[in-house]
2 protein chains.
Amino acid sequence: MTSRTARKTGSETALAPRLPAHETIYRELRALVLFGDLAPGQAVTIQGLCDRLGAGMTPVREALRRLIAEGALEFQGNRRVSVPLLDAGNIGELIFARQWLDPHLARRATERATPADLDHLTEVDDDLDRAILRGDMRAYLELNHRFHRALYEIAAAPILTDVADGLWLRFGPSLRVVCGRVGTEGLPDRHKDLLAAMRAGDTEAAAEAIRADVVQGMEQVRQSLSRQPRDD
Amino acid sequence: MTSRTARKTGSETALAPRLPAHETIYRELRALVLFGDLAPGQAVTIQGLCDRLGAGMTPVREALRRLIAEGALEFQGNRRVSVPLLDAGNIGELIFARQWLDPHLARRATERATPADLDHLTEVDDDLDRAILRGDMRAYLELNHRFHRALYEIAAAPILTDVADGLWLRFGPSLRVVCGRVGTEGLPDRHKDLLAAMRAGDTEAAAEAIRADVVQGMEQVRQSLSRQPRDD
DNA sequence: CAGCGATAAATTTGATCATATTCTTGGTGG
DNA sequence: CCACCAAGAATATGATCAAATTTATCGCTG
């Protein structure tokens, strides 16, 4: 990669290596969508985001295009951009896709995981448990995402990981809504089973554990959505 | 998705659709990638595209962001954007994904297809046959894509269709390279089997037909790629 | 004296902004 | 109730600034 930092004058400002503005905006907006700070159906305007994020409009426009392309936002009318509202059919598609993708990535991850990888996963899952006990929903959402992301990383399948990331962006907002209704009790956590299977090198058990985790979570979304499809 | 027709303008007449520039640029660039006019590994610059397409840089930038988000282009360094070069692992991922996605969409399409849908598919496939006989590779690529696209449309699963579109964008350039070596003979065309199964309403036969078609085509790509992974 | 390497300048490219133009929309008056 | 006008939002242009790559020159060494 671009490890050419030694070239310049010795001013290493720690963690601010001049990240482009559109990249920053993109990540902020992505987090806003992924963790439900923007509710499904909520409309956004370019200029509104310029104010909210204190940025020029060009970077905001580029970030929006990117998120629209990834399915995180929807280009509704000629004028409106909003967070997509999922119907039962959409949820069905997402369940189907994840039910296939996540187990496959879990199998690959099980085959390739190093002890350090397993330690890292365990660490994230411990944080996750603490967040659930604390009742901290936002932390739960972030850590649950981080756990699955870490699994994808281990699987080392860049294209499938991209696809999985896109799916997360699509059901993220709805997941937040569901958690708002259900609370942190009863949240799916088959991660212990998964970790045990991975440590034992049992690929099929790992795949089944993640499948159960995914299906349980997504079915909650489906039921919650069908019970009350519109909610502002 | 792209339902941006003029709503109530008095003078639409299909002459000046006033399509936004970034949308036009996006479609041109997308076609360039999808049908192999940009070879894998080829680098593009924003300003180069501004010249090539005779457009301002803002629309080009937005179109590029979109294509990068869809995986059609790769954001290599801090400065380079290029068509991704696929390795054997990437091809494996794509084969796996399509082997799951396309049959599923074919099943749904078989259940939902109207006679008019079947007629349309048959028509496209006839054009496809003529293109193969003619040895017209570019037409083959476009019509093959259009055939699968039409199948996706019938399946009426917007999210999965988006995912499938993304996969096409990723292997499109390599497909062109392969066809350049193989020629139009020996190209996969299990479309007849698929159409027969769909007419009979046999969902499983349809799924198997499309699976065979996909796997045969993708395996050709894999073999061609592994035989000569680097080619400038 | 020639070749190699490094540094510095120059050119090319990318990122951002301010601004103009167009299109939608909503309100008002006939 | 329809048409026209005004306001606001989004699109698109060009200029400007910053960064990186490339090239050329200079010094050092063999």
Side-chain angles (χ1 to χ4, degrees), chain A residues 1-13 15-30 38 42-69 73-83, chain B residues 1-29 38 41-69 72-83:
Chain A
M1 297 201 211
T2 55
S3 58
R4 198 172 291 272
T5 46
R7 235 11 168 106
K8 294 200 61 176
T9 55
S11 64
E12 291 180 16
T13 3
L15 287 176
R18 281 286 187 175
L19 205 59
H22 61 83
E23 186 70 29
T24 309
I25 307 287
Y26 166 75
R27 295 188 188 183
E28 288 184 51
L29 275 178
R30 182 189 164 96
L38 292 176
Q42 184 164 346
V44 297
T45 68
I46 292 183
Q47 301 200 351
L49 291 175
C50 289
D51 296 344
R52 178 167 181 169
L53 303 175
M57 69 170 54
T58 309
V60 171
R61 283 176 66 82
E62 291 185 29
L64 276 185
R65 294 280 169 235
R66 215 171 141 185
L67 288 165
I68 291 170
L73 294 174
E74 204 174 17
F75 190 75
Q76 289 220 342
N78 210 346
R79 199 91 167 190
R80 292 242 169 264
V81 173
S82 64
V83 182
Chain B
M1 275 192 299
T2 55
S3 58
R4 33 182 321 116
T5 48
R7 195 77 190 295
K8 61 174 185 176
T9 54
S11 63
E12 65 273 24
T13 52
L15 274 183
R18 289 288 182 173
L19 206 58
H22 61 84
E23 186 69 29
T24 309
I25 306 287
Y26 166 75
R27 295 186 188 184
E28 288 184 51
L29 275 177
L38 292 176
Q42 185 164 344
V44 297
T45 67
I46 291 182
Q47 303 197 356
L49 290 174
C50 290
D51 295 345
R52 177 167 181 172
L53 302 176
M57 70 171 53
T58 308
V60 171
R61 286 177 63 82
E62 291 186 28
L64 274 185
R65 293 280 168 235
R66 219 170 138 184
L67 288 164
I68 291 170
L73 294 174
E74 204 174 19
F75 189 75
Q76 292 217 339
N78 208 347
R79 199 89 170 190
R80 291 244 170 264
V81 172
S82 63
V83 183

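Residue numbering restarts at 1 for every chain, and letters A, B, ... go by the order of the sequence lines.
When the P atom of dT13(C) is taken as reference, atom CG of Leu49(B) falls 11 Å away, rounded to whole Å. Nucleotide dA12(D) holds its C1' atom 11 Å from the CD1 atom of Ile25(B), rounded to whole Å. When the P atom of dA15(C) is taken as reference, atom CG of Leu19(A) falls 11 Å away, rounded to whole Å. One interatomic measurement links the two molecules: CD1 of Ile68(B) to P of dG14(C), which rounds to 10 Å at whole-angstrom precision. Taking atom CD1 of Ile46(B) as the reference point, atom P of dA19(D) lies 16 Å away to the nearest angstrom. The distance from atom CZ of Arg66(A) to atom P of dA15(C) is 11 Å, rounded to the nearest whole Å. A straight line from CD of Gln76(B) to C1' of dT13(C) spans 16 Å, rounded to a whole angstrom. If you measure from atom CG of Leu64(B) to atom P of dT16(C), you get 15 Å, rounded to the nearest angstrom.
Side-chain N/O atoms of Gln47(B) and base N/O atoms of dG14(C) include a donor-acceptor pair closer than 3.5 Å.
Look at Arg65(B) and Glu23(A) and you find no salt bridge, because none of the NZ, NE, NH1 or NH2 atoms lies under 4.0 Å from a carboxylate O.
Between Thr45(B) and Arg80(A), the residue whose closest nucleotide on DNA chain C is further toward the 5' end is Thr45(B).
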Should Leu53(A) and Leu29(A) be marked as a side chain to side chain contact (heavy atoms under 4.5 Å, CB included) after you check the CA-CA gap, both sets of side-chain angles, and the distance that decides it?
-> CA-CA 9 Å; Leu53(A) 303 175; Leu29(A) 275 178; 4.2 Å; yes
Side chain to side chain contact (heavy atoms under 4.5 Å, CB included) between Thr45(B) and Val81(B), intermediate numbers included = CA-CA 7 Å; Thr45(B) 67; Val81(B) 172; over 6 Å; no
Would you tabulate the nitrogen or oxygen pairs shorter than 3.5 Å linking the protein to nucleotides 13-18 of chain D?
none

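For the residue pair Ala69(A) and Ala69(B), the shortest heavy atom distance occurs at CB-CB, 3.9 Å. The minimum heavy-atom distance linking Ile46(A) with Met57(A) is given by the pair CG2-CB, 4.4 Å.
Proximity of Arg65(A) to the phosphate of dA10(D): no side-chain N or O atom is located under 4.0 Å from OP1 or OP2.
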